[in-house]
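Quick notes on the structure that follows.
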Amino acid sequence: MNLAHLERLPDWPARMTAEIAAAYMGISKTTFLTRYTESGVREGSNVLWARIQLDAMIAKQFSIAQPAKAAANEDDSWDDLR
């Protein structure tokens, strides 16, 4: 996927290459790779970054509080509404 393909998508993809992730972060690909290479995940010959991961990096950079994660044993299913 390249930047031209983004115009046809309804939202940013959940997984991004360095080129797409750099555009998402608003920085050059070179700067992105210098700062965030270590946080990429290799899948075959590709290195990918998750949108949620990038959002967390942005939130940390701007000191934006992240919502608390639900407790592991908390049941958030709809089963009790029958």
Side-chain angles (χ1 to χ4, degrees):
M1 177 182 300
N2 60 37
L3 292 175
H5 287 113
L6 287 176
E7 295 173 1
R8 295 182 294 205
L9 295 175
D11 199 359
W12 289 88
R15 300 176 338 146
M16 302 179 211
T17 62
E19 179 183 20
I20 304 298
Y24 185 79
M25 298 285 279
I27 56 180
S28 72
K29 180 179 174 182
T30 303
T31 300
F32 179 83
L33 289 172
T34 299
R35 293 181 187 170
Y36 304 111
T37 294
E38 296 295 319
S39 57
V41 174
R42 181 165 295 282
E43 182 178 280
S45 63
N46 296 311
V47 178
L48 302 168
W49 289 263
R51 185 180 65 217
I52 194 167
Q53 172 190 32
L54 301 177
D55 288 342
M57 291 174 187
I58 294 167
K60 182 177 179 182
Q61 179 183 17
F62 288 92
S63 301
I64 300 170
Q66 294 291 294
K69 294 182 181 177
N73 62 353
E74 187 175 311
D75 180 11
D76 61 356
S77 71
W78 292 70
D79 293 340
D80 57 335
L81 296 176
R82 290 188 211 182

Worksheet entry | Heavy-atom closest pair, residues Ser39 and Met57 | OG-CE, 3.2 Å

Worksheet item: Between Ala18 and Lys29, which heavy-atom pair has the shortest distance, and what is it?
Response: CB-CE, 4.1 Å

Discussion item. Does Ile64, at its CD1 atom, have more than 12 non-hydrogen atoms belonging to other residues, nucleotides or ligands within less than 6.0 Å?
Written reply: yes

Fill in: Ring-ring centroid check Trp49 Phe32, cutoff 6.0 Å
yes

Practice prompt. List the steps and the verdict of side-chain contact (heavy atoms from CB on, under 4.5 Å) for Arg35 and Met25.
Written response: CA-CA 11 Å; Arg35 293 181 187 170; Met25 298 285 279; over 6 Å; no

Worksheet item: From Leu48 CG over to Glu43 CD, what is the distance, rounded to the nearest 0.5 angstrom?
Response: 5.5 Å

Worksheet item: In Å, rounded to the nearest 0.5 Å, how long is the span from CG of Leu33 to CD of Glu19?
Response: 10.5 Å

Discussion item. Could you see if Val41 belongs to whatever hydrophobic cluster contains Met16? Use Ile, Leu, Val, Met, Phe, Trp, Tyr and a side-chain cutoff under 4.5 Å.
Written reply: no

Practice prompt. Spell out, yes or no, whether Tyr36 and Ile52 are grouped together once hydrophobic residues are joined by side-chain heavy atoms under 4.5 Å, including indirect joins.
Written response: no

So [Y] and [X], do their side chains get closer than 4.5 Å, heavy atoms only?
X     : Y     : value
Thr17 : Val47 : no
Asn46 : Arg15 : no
Asp55 : Trp12 : no

